[in-house]
> 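Submitted below is the structure of interest, expressed as structure tokens.
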Protein chains: 2
Amino acid sequence: MTNPDPSRPTLSEVARRAGVGRSSAARVLGNYGSVSEHTRRRVLVAAAELGYETNELARSMSTGVTMTIGVVLADIANPFFAAVFRGISDAARAAGYGTLLVNSDEDPELEDEAVRLLVGKQVDGIIAAPAGGAHAPAAALRWAHERGTAVVQVDRTLNGFDADAVVMDNRDAARTAAERLIAAGHRRVALAWGPARQGRGAVTADHLREWAGSSEISSVGERYLGYAAALEAAGIPLDPALVMTGEQTIEGVRRFARRALAGEGRPTAFIATEVDAVIGVLAEARAAGLVLPADLSLIGFDDSPWASVHDPPITTLRQPVQRLGEHAAEILIARLGGDRRPRVVDHLASETVDQGSVAPPG
Amino acid sequence: MTNPDPSRPTLSEVARRAGVGRSSAARVLGNYGSVSEHTRRRVLVAAAELGYETNELARSMSTGVTMTIGVVLADIANPFFAAVFRGISDAARAAGYGTLLVNSDEDPELEDEAVRLLVGKQVDGIIAAPAGGAHAPAAALRWAHERGTAVVQVDRTLNGFDADAVVMDNRDAARTAAERLIAAGHRRVALAWGPARQGRGAVTADHLREWAGSSEISSVGERYLGYAAALEAAGIPLDPALVMTGEQTIEGVRRFARRALAGEGRPTAFIATEVDAVIGVLAEARAAGLVLPADLSLIGFDDSPWASVHDPPITTLRQPVQRLGEHAAEILIARLGGDRRPRVVDHLASETVDQGSVAPPG
DNA sequence: CTGAAAGCGCTTACAG
DNA sequence: CTGAAAGCGCTTACAG
């Protein structure tokens, strides 16, 4: 095949024009080995005249390194993952790496496909928020890891998977939020959202514990456990009707909140662990004519600037989301650099930002 | 060099194991040409046994096609660009393309660097939201386009640049917003934000017109022109003090809104053309003790679910942001497929969602 | 239908 | 310090 685009000069053409061998031109342009000042000049001049740019693809072909990190996240349009990706991308760029992103939409099959695609493109490593819960097979991710592609989990962890991970300390965050509400005097605290699973018939605390520990996205399970721990420490019995299960969308939250607020012992406070949960609770509170914080307290997990211009501003557990991504990339890059530490699992702490949506129960 | 990872079998190994030539194995695995059913079987079996996956890098090396689209956006953590990228990524994936994303942070130098990086990685085409305004040199983007890399501009256009483009109809959107406020009885309508340039001394309408037409990000300029056109059509003189200039951040908006609201002929309505503008205006309105919509009307450009749980819900110009990205990718992919139409510049229309933050002036 | 050979644009020992 | 040669893992005419 001839060069499809004659305006893209190759190393050989630069060498010919400079009147030197290809290896010398390569040494100058690749910035390694040693060359005489004279040839260096000639090569650089020739390269500039031709407008030469290294073909990274060809370089990767021979070095076996692409300087590219593959990233698999649920949905880049979700502000949480957008911030994670921004963090990854910044840390990667700082170290000279590019990033190839694929959305999984929380679908394990799309995730598998994405991972195979990335491995096919010879990425040097993969950062992924595994879909399908802690017990998901995640076959492609495990396969990639076994073949020697560096893998770092972000925001979630897979049980029995030996790859590094960076997650929020979700258990602690939820416990802190619940403790704060309990300290304000609340005893009926609702959690939105919890496990995505649907019970047949009534959901019991046993179901919840089992779901939290096994088949859910680990961050969701951890939050449930933190919430439950705070209640237990305060001697408050856990009411499964106050824990959202099922479809994790704004609509799902609204259904849950509507039912909970209509019931007998209605909750006097909500913990909303996702942006969409905050939105859903606010929408239903408004629909029910409840005024925050007098009629209902709320703590959200979200760092949106909208939270502070809401009336009242929403008390928030601020999570270092971008840092989560940065840290995952740093660990991956350290591995690519030959770091041989044992498996790393880092937990990042949140910070509570009191803004006014928490008050004693009416 | 030997294969750095012996667990990654190559085409040759598959061929050897199947007892056929490399070309035959290539034909089977690459799914082209014709092979006997017998060899096909043998090759597929051998590939499965070895766990063979095509090395896309090597394939790209010989075909000259990477099936990858490079994307340069200001900031993936900004919900607008996150949605654009989601659209690009979906359309790309549907056509078998991957996407390589780089943030420019609105910095022309970072943009140049990003474009060179992408060209170096041999992307088949580039989608970019050019930084630095309509008259920016954007040397790398023009260079890439001239060398034959397909380029599509998204959200912004560069003057005198012959590449396809997809943008919002920003002029029409701003005109519509202004008309709506004027129809409600407002005559003092403020625009946040406008051109980023700072005047020395007083900013005049002439300055604004010049800045809008020349050196700004074209979407910002277009919005100013639509706003000005609506005022003119209604016979309302344009007051430069009601058009924000300078730093385009939440803080910048707050400074502008504070000054405007404190002045003599204070605005009775705001048009906020970015999420951060909406947030900034809301924050200052609250600080000034103004209640929406009785004391102040507001129309925002933003599709955040937060807008509808705000009190009052914010009347919004909903823009098909994800569609913007999809469409850009579709055009690019059509070009890669050999489409030879003349240059395409598509304008996408917005839709007004009336929610309650507009009322007649108090 | 099939296989040996050349080529994509680099890097990397290996002699000189 | 320098250059000819081999190699990375594919694809693609070209004979047979």
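In what follows, every chain begins at residue 1, and chains take the letters A, B, ... in the order their sequences are listed.
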> Counting side-chain heavy atoms from CB outward, which of C/dT2, C/dG9, C/dT11 is closest to B/M61?
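Ranking C/dT2, C/dG9, C/dT11 by closest atom to the B/M61 side chain puts C/dG9 first.
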> Specify whether B/F85 and A/F85 have parallel, tilted or perpendicular ring planes, treating 30° as the upper limit for parallel and 60° as the lower limit for perpendicular.
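Because their plane-to-plane angle is under 30°, the rings of B/F85 and A/F85 count as parallel.
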> Among D/dA6, D/dG3, C/dT12, which is the nearest nucleotide to the side chain of A/T63?
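Minimum distance to the A/T63 side chain belongs to C/dT12.
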> Could you state the CD-P distance from A/Q122 to D/dC8, rounded to the nearest angstrom?
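Result: 14 Å.
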> For D/dT12 and B/S62 - does any side-chain N or O of the residue sit under 4.0 Å from the phosphate oxygens OP1/OP2?
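No, because none of the side-chain N or O atoms of B/S62 sits under 4.0 Å from OP1 or OP2 of D/dT12.
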> With no angle test and no hydrogens, is the base of C/dG3 tied to the side chain of B/S23 by a donor-acceptor pair under 3.5 Å?
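By the distance-only test, yes, there is a pair.
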> Just the rounded figure in Å: distance from C1' of D/dG7 to CG of A/L11.
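One finds 16 Å between C1' of D/dG7 and CG of A/L11, rounded.
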> Students often get this wrong, so: under 4.0 angstrom with heavy atoms, is A/T39 touching a base, only sugar-phosphate, or nothing?
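Result for A/T39 = sugar-phosphate.
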> Could you run down the sub-3.5 Å N/O contacts of the protein with nucleotides 14-16 of chain C?
none

> Calculate the interatomic distance between A/E37 atom CD and D/dT2 atom P; express it in whole Å.
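These atoms are roughly 10 Å apart.
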> Give the nucleotide from the list C/dC10, D/dC10, D/dG3 with an atom nearest to the side chain of B/T54.
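Closest nucleotide among those given: D/dC10.
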> Inspect the surroundings of CD in A/E109 and state if more than 12 heavy atoms from other residues, nucleotides or ligands are less than 6.0 Å away.
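No, because the 6.0 Å sphere around CD of A/E109 holds 12 heavy atoms or fewer from other groups.
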> D/dC10, OP1 or OP2 - any side-chain N/O from B/S60 closer than 4.0 Å?
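So the side chain of B/S60 is outside the cut-off, no N or O lying under 4.0 Å from OP1 or OP2 of D/dC10.
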> On DNA chain C, check which nucleotide each of B/A25 and A/S12 is closest to and give me the residue with the more 5' one.
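Per heavy-atom nearest nucleotide, the more 5' residue is B/A25.
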> Could you tell me how far apart A/M67 (CE) and C/dT11 (P) are, to the nearest whole angstrom?
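Distance check: A/M67 CE to C/dT11 P gives 14 Å.
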> As a check on the pairing definition, encode DNA chain D in dot-bracket form, counting Watson-Crick and G-U wobble pairs whose two distances are under 3.5 Å, and using | for partners outside this strand.
|||.||||||||.|||
> Any side-chain N or O of B/R59 below 4.0 angstrom from OP1/OP2 of D/dT11?
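Yes, within the criterion.
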